[in-house]
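In what follows, a structure is listed as structure tokens, so that the remarks can point back to it.
Naming convention: chains lettered A, B, ... in sequence-line order (proteins, then strands); numbering from 1 in each chain.
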Amino acid sequence: MTNRNKKNEFGLCDGVRVTSNGYEITTSRSNGSGVERVYNLPMVDEEKWIKEWENEGLHRALDGDKKQKFYLLVEFPYPSGAGLHVGHARSWSAMDAYARKKRMEGYNVLYPMGWDAFGLPAENYALKMGVHPSQVVPENIATFKKQCQALGLSFDWSREIDTTNPQYYKWTQWIFIQLFKKGLAYQAEVSVNWCPACKTNLADEEVLANGTHERCGSPTQRRPQKQWLLKITAYADKLLEGLETVDYSEDVKMQQVNWIGRKEWIDITYPVVGTNEKIVVSTTRPDTNFGATFVVVAPGHPILQTVKDRKVLEYAQKAENKSELERISQGKKKTGVFTGLYAVNQLNGQKLPIWVADFVLMTVGTGAVVGVPGHDKRDFEFAKAFDLPIVKVVDGDKMINSGFLDGLEIQTAISKMMDYLERKGWGKRIIRYNLHDWVFSRQHYWGEPIPIVHCPKCGPVAVPEDQLPVELPYLKKYEPSGTGESPLAKAADWVKAACPECGGPARRETDTMPNWAGSNWYFIRYLDNKNERELASKEKMKHWLPVDMYQGGAEHITLHLLYSRFIYRFLHEIGVVPTAEPYMKRRTHGIVLGADGRKMSKSFGNVINPDEIVRKYGADTLRMYEMFMGPFGQMVAWSDTAVEGVYRFLKRVWVLALSAKHEARSTSEAKARIARLVAKIGADIEALKFNTMVAAAMEYINWWQSHPDEVGKDVVEKFILGLAPMAPFTAEELWHKLGHTDSVHKQKWPEYDPKLAVEKQRVIVVQVNGKVRDRVEDGVDIEQRAALSDKVKKFIGGAKYRTIYVPGKIINFVCLT
RNA sequence: GCCGGGGUGGUGGAAUGGUAGACACACGGGCCUUAAGAGCCCGCAGUCCAUUGGACUGUGCGAGUUCGACUCUCGCCCCCGGCACCA
């Protein structure tokens, strides 16, 4: 016998049916061609709450509020044509739970969102669709925004920004001019990375270790070109030192340290035998110099100008024409030619033959290395290939065959040798970095115009600040030319300009900025997104900066994260921003893979559309599932069936909350458990352990379901408040169903007795020799009672023993043999 | 090669010195149902013995510290990420 369709028997509403042995939630709706089963929680009108929250301004951060501020930042997306990725949904939902809990705790929370809409992806997408980017971008932004809202993300939309808005990029250009004025933005003819597919130059950071473009995957080439560069190298040490003052996770720190790649080198001068020439080799390991048996110079090294041998020059010429990638790719057979010259190692007077080989690069050190085949793998291969002598100078971690260094440890030997070489005047210490200056111009249409005018008389001149922004002209045809000239060069009227210095005829710079330009400083603009006179007002910056928590992807650590730290430091030095570091805390999230464990991609057919999940199960299911998937910082694969598990949980929450006997008094067990749950949710959010947070809520529900009579209204309400950060819609709906008229998200985080939150272990584990043998109720005389246990006696036998008793935890009887 | 993070059931994972496997998925069994779906209940590391139940093994491998180790220490193997013929 069933109670089907008997509504309200337990105070349930439409869509929930109680059967003799449980409940069910089902609903169907007409979709035009028939009846479709809908799994969405039918009782939550998500759209109604989205509107209501927005109308009430529930998510607004208040300037000048007395409450303590908390600036929570997530990386703003490039609004692609594909719409929101479930990866965005994962990290933003988790941070949304963080923001919501902080608000309930009484913080004035700033959790903003905007759009990083300039750059190659937007332009390539527009080209593919045959539409102008200025039309595509707003459409994509609208889609993204709607998707964010559908997920219940509590962004403060009144602070929304868009990097392609002239009122925004006016200030991106303003920052460029400040850099230019300080000599930190400069033009130079340099060898740059060129992507033939995207037809533009790239920064070093945009080229992956295998030589391909990080965006499109095409192999890049090197070619010389006149470019705008930003002098990030001037900040290398500051960027390193700054890392000591912030709370970044270890992987983030190490990646930045590796990328900056600070090392102490020493440049050693060797006389060249029979000439007045000298050759300067550079090394980080001068301790091994007693083992040097040859010198290798890069093709293109100036010393080769003194060489007449045709074979040598031909080899050098050929090698120089090869790409760098080709020259240094691993496992390649060593090639090289003897130049006929010898250098003198002044340490021991030995004559070292000078070779030229393609694996030595002009761009590293001084373009000349000293070959120590006894200790270096690469030098060893070279020596083997050309039958050069090999001397061993390091044994274990001690120096041998090295004169005054013998017996010293490597580190000591390095500094002793450096001191010695400097004293003798043969060498000079120098700090070198892996980091190079940032190539900052692109030969593309869809970016911020670089605000410079080239005057034949005055050279490059900054556009006066009162004439900013230099607006991007509308071009119908904006395809990249591939010649290295920007499409903007075709806008003849726009290019023509008067020189701001002398008033004479001049030309505008036609290169644009890279897509990283707008994201360098976007978190500052959220503070004051309509300010027409400054980046943001001083007061607002002082109130909100620095960012308390910055959450984003691991793929941006040597790109955006490093760039924005550099720009922010510069702005601090010229007195614009109040602190030296922009982000107090940085954590990364893992990417969401397809169900097959591969990266989500159209070509694999494994893409999950968040809209689909929201339609089928509701936003709260998607949010909680994504938090539950696995550890937040770790890569995780999607699972369709695991989503169902979270959906089941929410259905149970619904039924239990509404069927609770409100007049019932909560038992002490129920109170202790809810105190523990609230404490756990709070602590797990702070530690970004969202997976165990969800698990704890599930555990509570499981207990509640088997003890329905123990839970009264007070505990139900605390549960709903605890649920509010992770499932904002369900919590809001239930809160109102319980008779409240105010939003659940305006409530205070539930208070609990900390003593209740500590779980008391009632059963004590009894071990014999460290192995669990029995369990005994805690209480008086527990040691004696435990010793009397049959199981314990059996394992002790008649042996003498001693007792380890950790009160409240464990008893261990250890036999003495 | 250097640096960072990891390795736990069929699967995702939990436990950071005190009962290994919370929570969830998958799987198996049962109830309910005309049926399907949904829901509810039970089982679920392995091996062996067994009537209730019990013994042994088990967190990549090998040692060590400890009354007690997934957790700490040392050595090794493997996976993921960063840097790199960087001299």
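The side chain of A:R773 sits closest to B:C56 out of B:C56, B:A22, B:C25. The nucleotide whose nearest atom lies closest to any side-chain atom of A:Q705 is, among B:C41, B:A24, B:U19, B:C41. Checking B:C23, B:A87, B:U19 against the side-chain heavy atoms of A:V369 singles out B:A87 as nearest. Distance from the side chain of A:I810 is smallest to B:G18 among B:G18, B:C23, B:C40. If you check B:C85, B:A87, B:G81 against the side chain of A:K334, the one that comes closest is B:C85. In this structure, the nucleotide among B:A84, B:A38, B:A87 sitting nearest to the side chain of A:K651 is B:A38. In this structure, the nucleotide among B:A55, B:A87, B:U19 sitting nearest to the side chain of A:V364 is B:A87.
Panel note: side chain A:S706, backbone A:N702; a donor-acceptor pair is recorded below 3.5 Å. Without hydrogens or angle criteria, A:T366 side chain to A:V280 main chain gives a donor-acceptor distance under 3.5 Å. In this structure a side-chain-to-backbone donor-acceptor pair under 3.5 Å is missing from A:N345 to A:F290.
Looking at heavy-atom distances under 4.0 Å, A:I557 makes no contact with the nucleic acid at all. Residue contacts shown for A:V296 are absent, as no nucleic acid heavy atom lies under 4.0 Å away. Within 4.0 Å of A:R262, counting heavy atoms only, lies no atom of the nucleic acid at all. Within the nucleic acid shown, A:G261 has no heavy atom closer than 4.0 Å to any nucleic acid atom.
Summarising the base pairing, B:G39 is matched to B:C31 through a Watson-Crick or G-U wobble pair whose two defining distances lie under 3.5 Å. Nucleotide B:G17 forms a pair with no other nucleotide shown, judged by Watson-Crick or G-U wobble geometry with both contacts under 3.5 Å. With a cut-off of 3.5 Å on both pairing distances, the Watson-Crick or G-U wobble partner of B:U11 is B:A24. Nucleotide B:U47: paired with B:A55 (Watson-Crick or G-U wobble, both distances less than 3.5 Å). In this structure B:A84 sits in no base pair that meets the Watson-Crick or G-U test at under 3.5 Å. For B:U65, there is no paired nucleotide, since no Watson-Crick or G-U wobble pair has both relevant distances below 3.5 Å.
Rounded to whole angstrom, the span from the CD atom of A:E644 across to the P atom of B:A26 amounts to 8 Å.
For A:R378 against B:A87, a side-chain N or O and a base N or O form a donor-acceptor pair under 3.5 Å. At a cut-off of 3.5 angstrom, counting only N and O atoms as typed in the model, there is a donor on one side and an acceptor on the other between the side-chain of A:N258 and the base of B:G82.
For A:E699, there are no side-chain hydrogen bond (donor to acceptor under 3.5 Å, both in side chains) partners two or more places apart in sequence or in a different chain.
Among the candidates A:R586, A:K253, A:R587, the single residue satisfying the side chain to side chain donor-acceptor pair (under 3.5 Å) test with A:D247 is A:R587. Of the candidates A:W638, A:F690, A:Y617, A:W638 is the only one forming a ring pair (Phe, Tyr, Trp, His ring centres under 6.0 Å) with A:Y625.
Look at the P atom in both B:C49 and B:C40: the space between them is 38 Å, to the nearest Å. When the P atom is used for both B:U19 and B:U59, the distance is 16 Å, rounded to whole Å. If you take atom C1' in B:C79 and the same atom in B:C31, they sit 46 Å apart, rounded to whole Å. Comparing B:G75 with B:G4, their P atoms sit 13 Å apart, to the nearest whole Å. Nucleotides B:G60 and B:G7, compared at atom C1', are 6 Å apart to the nearest Å. Going from the P atom of B:G43 to that of B:A24 covers 14 Å, rounded to whole Å. If you take atom C1' in B:G58 and the same atom in B:U47, they sit 11 Å apart, rounded to whole Å. For B:C74 and B:C23, the P atoms lie 35 Å apart once the distance is rounded to whole Å.
In B:G29 the base sits anti relative to the sugar, since the glycosidic angle is further than 90° from 0.
Under 4.0 Å is where a charged nitrogen must lie from a carboxylate oxygen, and between A:K794 and A:D774 no such pair does.
Applying the salt bridge (charged side-chain N to carboxylate O under 4.0 Å, His left out) test to pairs two or more places apart or on separate chains, those with a residue in residues 279-303 of chain A are A:R285-A:D287.
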Heteroatom pairs (N/O) under 3.5 angstrom, protein to nucleotides 73-77 of chain B:
none

Legend entry - Stepwise side-chain hydrogen bond (donor to acceptor under 3.5 Å, both in side chains) test for A:N769 and A:Y801: CA-CA 9 Å; A:N769 295 324; A:Y801 61 89; over 6 Å; no
Inset, instruction - Test A:T730 against A:D620 for side-chain hydrogen bond (donor to acceptor under 3.5 Å, both in side chains), laying out the working first. - result: CA-CA 7 Å; A:T730 306; A:D620 287 343; 2.6 Å; yes
Legend entry - Check against side-chain hydrogen bond (donor to acceptor under 3.5 Å, both in side chains), A:W438 and A:E205: CA-CA 8 Å; A:W438 177 8; A:E205 288 81 359; 5.3 Å; no
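A:F359 and A:F382 have their aromatic ring centers within a separation under 6.0 angstrom. Taking the centre of each ring, A:W355 and A:F386 come in below the 6.0 Å mark.
Residues A:Y315 and A:T335 have side chains in contact (heavy-atom distance under 4.5 Å, counting atoms from C-beta outward).
The side chain of A:T284 contributes an N or O atom lying less than 4.0 Å from OP1 or OP2 of B:A87.
Under a cut-off of 6.0 angstrom, the local environment of NZ in A:K334 is crowded, with over 12 non-hydrogen atoms contributed by other residues, nucleotides or ligands.
Summarising the geometry, atom CD belonging to A:E264 is positioned 5.0 Å from atom CZ belonging to A:R429; distances are rounded to the nearest 0.5 Å.
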Inset, instruction - Produce a footprint string for nucleotides 47-54 of chain B: one letter per nucleotide, 5' end first; B if the base is under 4.0 Å from any protein heavy atom, S if only the sugar-phosphate is, - if neither. - result: -------S
Legend entry - Under 4.0 Å protein heavy-atom contacts per nucleotide of nucleotides 10-17 of chain B, with B for base, S for backbone only and - for none: --BSSS--
Inset, instruction - Starting at the 5' end of nucleotides 63-72 of chain B, put B wherever the base has a protein heavy atom under 4.0 Å, S where only the sugar-phosphate does, and a dash everywhere else. - result: ----BS----
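Both A:R775 and A:T283 sit near RNA chain B, but only A:R775 has its closest nucleotide nearer the 5' end. Where A:V694 and A:M254 meet RNA chain B, the nucleotide closest to each residue was compared, and A:M254 sits on the side nearer the 5' end.
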